[in-house]
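Throughout, a chain's letter reflects where its sequence line sits, starting with A, and its residues are numbered from 1.
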Amino acid sequence: MSEPDKYLPDAIETKWRERWATDRTNEPDLDHAVRPLYNLMMFPYPSAEGLHVGNLFAFTGADVYGRFKRMQGYQVFEPIGFDAFGIHSENYAIKVGAHPADLIPKNIANFTRQLTRMGGMFAWRNVLSTTEPSYYKWTQWVFLQLYKQGLAYKKNGAVNWCPSCKTVLSNEQVIGGECERCGTVVEQRVLEQWYFRITDYAERLLANLDDPTTMDWSETTVAAQKNWLGRSEGADITFRASDAASSPITVYTTRPDTLFGATFLVLAPEHPLVTALTTNAQRMDVEAYRAQAAAKDLVSRKVGDQQKSGVFTGSTAMNPATGAQVPIWIADYVLMDYGTGAIMAVPGHDERDFEFATRFALPIVRVVAAVDQDAGTPLTAAYTDVDAGGHMVNSREFDGRTPLDTKAAITEWLASRGTGKKTVQYRLHDWCISRQRYWGPPIPIIYCDVCGPVPVPEEQLPVELPALDDFRPDDSGVSPLARHAEWYFVPCPTCGQQGRRETDVSDTFLDSAWYFLRYPSSELTDRPFDRDRTRTWLPVASYIGGNEHAVLHLLYSRFITMVLHDAGMLDFEEPFRKFRAHGLIVKDGAKMSKSRGNVVVPDQYIDKWGADTFRTYLMFLGPFQEGGDFRDSGISGPRRFLDKVWDLVTLASHPDCRDAEIRREVLIKWHQTKRRVAEEIEQLRYNTAIAALMELVNVLREQNCAERRLVSELVQMTAPFAPHFAEECWERLGHSSTIFDSAWPAFDAALTLEDTITIAVQVNGKTRGSVTVPRDASEATVRAAAEAEPAVAKYLGGELKKVIGVPGRMLSFVVGG
RNA sequence: GCUCGGGUGGCGAAAUGGCAGACGCAGGGGACUUAAAAUCCCCAGGGGGCAACCCCGUCCCGGUUCGAGUCCGGGCCCGAGCACCA
């Protein structure tokens, strides 16, 4: 007698990996899809360390969904690629003394091996890397489209400079005043940089977030984007300077209602009017203060818990409401890059202005009083409530009205006199895209002394990144590419005279802001994306990724898509119809980090348990959208589950196994499970879907049931989680084509209902017993059964006041006495 | 400070306002084994009782309800994001 076949993950996984590759199982026909479904996950940066467990968790979750949808009859396109340009790759290369052009291919090879091994349903034919000239040619093309529309421009201004990475950073890449990549405190520098006019799109970027027909996104991500866009409504108000020669000063405020309480103005130190407003007596102080503010790094400038500082300019301006002359100050708590760079200070009703006024002994006037206060109630702190039922005071004809009311009224009154208007402000800034680094796509612009900046003609793309041995950045604020003379000097495309190339490269986030458009057309060399393919596959049906990109990648991608839509190149303006943010994996209750030494490297677990067990464990350890705690001890559970399924398959595929009558309770559990698992996978509730499968397996084992039809469907339901395993079982059950072309098991709704139900019985809110009755029993029957139950009856002594029944669930008696 | 999440056994976690703790891990007991591993069976929130049973229990305080882990108000703690944004 031969040993029964044991479940050997290694052999099975190798077998199916090879077969999928040979049969091109995972690659849909991109030109002829009847029910296309674009299943996207955020492409990884191919680090030297390899895929970590967080990547694998995210990719597996996305892959489970893709495989499930495929079994529901969709042609699923599940591409993968590598986001290999950028500071991260370059910094690492510098650290280990290598060249990124040598390192990246090795890292990509390693990632490819790992991604294949995890069993992702990847369409490898369409793999892409942002570092390939065939890809970044089109990244440069995207830049040119923005340039053509006037949405790419060069501007001299204060920028975030990372002294360690020696490059500028976008606002989105500065986290709490530190460089997103290396954690170094960012400095302020004044440099000429390329920007994209994303602020022109702020309103649409915000409005679409609330449009459920184009965007079904995780609420946390929507909230983060709204927060970042930072819309606020207020008014621009103009103050005339006392010196008639000076230009008027326009301030932005969200509290025009408090205009009567504006006792001074504050300008940002960089404000262009400062020089003109400064009197000779104050000039030295003002210049000293401006120099000091310019030297401050952004952290100490922006962190607000320190003492306020500032200097008087010597000038005054007229408050348009009171007619009073108010002093004009400069202070670095007012930021040049928000609003108009100038504020009207209302110390009575703004905490920062209160602090400033107190420090410099400036007048504080109350203009809003709370319900139990009047105009004379002293202010010991700024009173900032707007909708707490307060009323205006010291505001002439507006006295007695509510602040909200007054806001609109004063704005109108100012508008009628031409000294103010209603405005909307966004916190979003234009996207600074130039980087003084080597490892990225060169910005395709040529400077000519005759013609000025000239875009590189599209037919001359790509502007290839030259091989450069010394690619290290320096402090000059100029990219290393400037050191390569042969590359740097180039004829002007317009006049043919010698010109110079733009030496900055573009931000990595531009590479990833359009990659989803490229995937379906990745083999086409003559266009970035094919019109028909794009119509078929986009917008993306399901996108899964980390919330750390809520305001970076996801916002930029939306912006670029809108721009291309407006240029008539895309039919849609939102790229991702559905987005779900996955949770984070922690290890033994603590965040994974290199310094803590608790980073989980997946390879060793896959070696030990197999990819299928590892995938199933990752999906079981917690709710996918919340993440969970990775504990080595937990992996054996999912493995035991697969072993049990394997045993059932072995029994069911035995030639002596005959279709048998299935016991009714098993039948019901079977159909209930089919309903539950499909519902839960659709909602990415993988942990409970797996739990439902485990329950079914436990019932089958208790009931000694290895009926072939039923076991086949059980295997189908495990397939998204354990794809190689399921293929092997499926073959052993006698099927010849891939399980992923089989139809997801349907359930019979009538068979999901139990014949008898157990109803809880409560007396005065406490559960005192339960009765088991036929499913369709009337309330009277249930009540009679309940009253006959001794455990219930003994509490029913008093006067019966009420009986509440919830059909199929419970019956509640309310008795008095 | 503001905006999101979250707080349930020893642990990871389940629970359309309706019997809290499904499923799994670790644990205890037993079977098989010369033995161990693997596997199988049983127990398992806390407390009390010989037992049938009883009491307590989802961060805290209050409310709504016949009934609250779930809804409402207030607070505490943890995590994430934003932060002198006028």
Side-chain angles (χ1 to χ4, degrees), chain A residues 175-177 218-228 230-232 234 251-255 258 262 266 268 301-306 308 331-335 337-346 349-353 355-356 384 425-429 547-548 550-551 581 583-584 586 588-589 591 617 620-623 625-638 640-641 643-644 647 685 687-698 701 758-770 790-791 801-806 808-815:
Chain A
I175 312 289
S218 288
E219 284 185 31
T220 51
T221 316
V222 170
Q225 290 216 350
K226 285 187 179 176
N227 202 3
W228 188 262
R231 182 181 197 273
S232 71
V251 303
Y252 172 72
T253 178
T254 55
R255 295 291 306 274
T258 61
V266 186
R301 169 83 185 258
K302 289 198 174 178
V303 167
D305 55 3
Q306 59 194 2
K308 294 272 178 291
D332 66 5
Y333 80 92
V334 176
L335 309 173
D337 58 9
Y338 182 75
T340 60
I343 63 158
M344 64 176 207
V346 184
H349 306 285
D350 180 281
E351 282 163 21
R352 294 149 305 182
D353 298 344
E355 194 189 328
F356 193 84
T384 56
Q425 277 292 333
Y426 291 89
R427 275 183 37 203
L428 180 72
H429 288 57
N547 236 351
E548 69 274 14
V551 296
L584 296 177
V586 298
D588 299 319
K591 197 174 170 178
Y617 173 59
F620 183 64
L621 57 69
Q625 290 176 79
E626 286 165 39
D629 192 4
F630 189 100
R631 278 168 205 261
D632 292 0
S633 64
I635 307 178
S636 57
R640 288 205 266 259
F641 162 70
D643 281 335
K644 290 174 188 173
D647 288 345
R685 296 160 57 103
N687 56 334
T688 50
I690 293 167
L693 292 170
M694 286 172 167
E695 280 183 47
L696 177 64
V697 166
N698 291 345
R701 286 160 57 86
T758 301
I759 289 182
V761 183
Q762 295 183 351
V763 181
N764 287 349
K766 276 194 197 292
T767 303
R768 294 301 183 182
S770 64
K801 290 183 168 161
K802 210 195 305 189
V803 181
I804 296 152
V806 179
R809 290 215 168 258
M810 54 78 64
L811 187 73
S812 181
F813 293 96
V814 185
V815 298

>> Nearest heavy atom decides the nucleotide; on that basis, is A:G622 or A:G634 closer to the 5' end of RNA chain B?
In response: A:G622

> When all nucleic acid strands are considered with a 4.0 Å heavy-atom cut-off, which category describes A:R701: base, sugar-phosphate, or nothing?
Replying inline: sugar-phosphate

>> Using a 4.0 Å heavy-atom cut-off, does A:T220 contact any base of the nucleic acid, only the sugar-phosphate backbone, or nothing at all?
In response: sugar-phosphate

>> Need one value for A:F620: base, sugar-phosphate or nothing, where a base atom within 4.0 Å counts as base even if backbone is also close, heavy atoms only.
In response: base

>> Once you apply a heavy-atom cut-off of 4.0 Å, does A:D643 come out as touching a base, just sugar-phosphate, or nothing?
In response: nothing

>> Using O4'-C1'-N9-C4 for purines and O4'-C1'-N1-C2 for pyrimidines, with syn meaning within 90° of 0, is B:G9 syn or anti?
In response: syn

> For A:Y333, is the NZ or CZ atom of A:K308 found under 6.0 angstrom from the centre of its six-membered ring and inside 45 degrees of the ring axis?
Replying inline: yes

>> Could you check whether any side-chain heavy atom of A:V346 comes within less than 4.5 Å of a side-chain heavy atom of A:R255, counting everything from C-beta outward?
In response: no

> So among A:V251, A:V266, A:T340, which one has a side chain to side chain contact (heavy atoms under 4.5 Å, CB included) with A:V334?
Replying inline: A:V266

>> Just to be sure I understand the rule, does A:N547 reach a base, reach only the sugar-phosphate, or reach nothing, if contact means heavy atoms closer than 4.0 Å?
In response: nothing

>> Any base atoms under 4.0 Å from A:T758, or only sugar-phosphate, or nothing? Heavy atoms, all strands.
In response: base

>> Need one value for A:L621: base, sugar-phosphate or nothing, where a base atom within 4.0 Å counts as base even if backbone is also close, heavy atoms only.
In response: sugar-phosphate

> Is A:N227 close to A:R427 at the side-chain level, that is, under 4.5 Å between some pair of heavy atoms?
Replying inline: yes

>> Using only modelled atom types and a 3.5 angstrom limit, is any donor from either the side chain of A:S812 or the base of B:C66 paired with an acceptor on the other?
In response: yes

> Touch check for A:R809, heavy atoms < 4.0 angstrom, all strands: base, sugar-phosphate only, or nothing?
Replying inline: base

> Quick one: on RNA chain B, does A:R631 or A:N764 contact a more 5' nucleotide (nearest heavy atom)?
Replying inline: A:R631

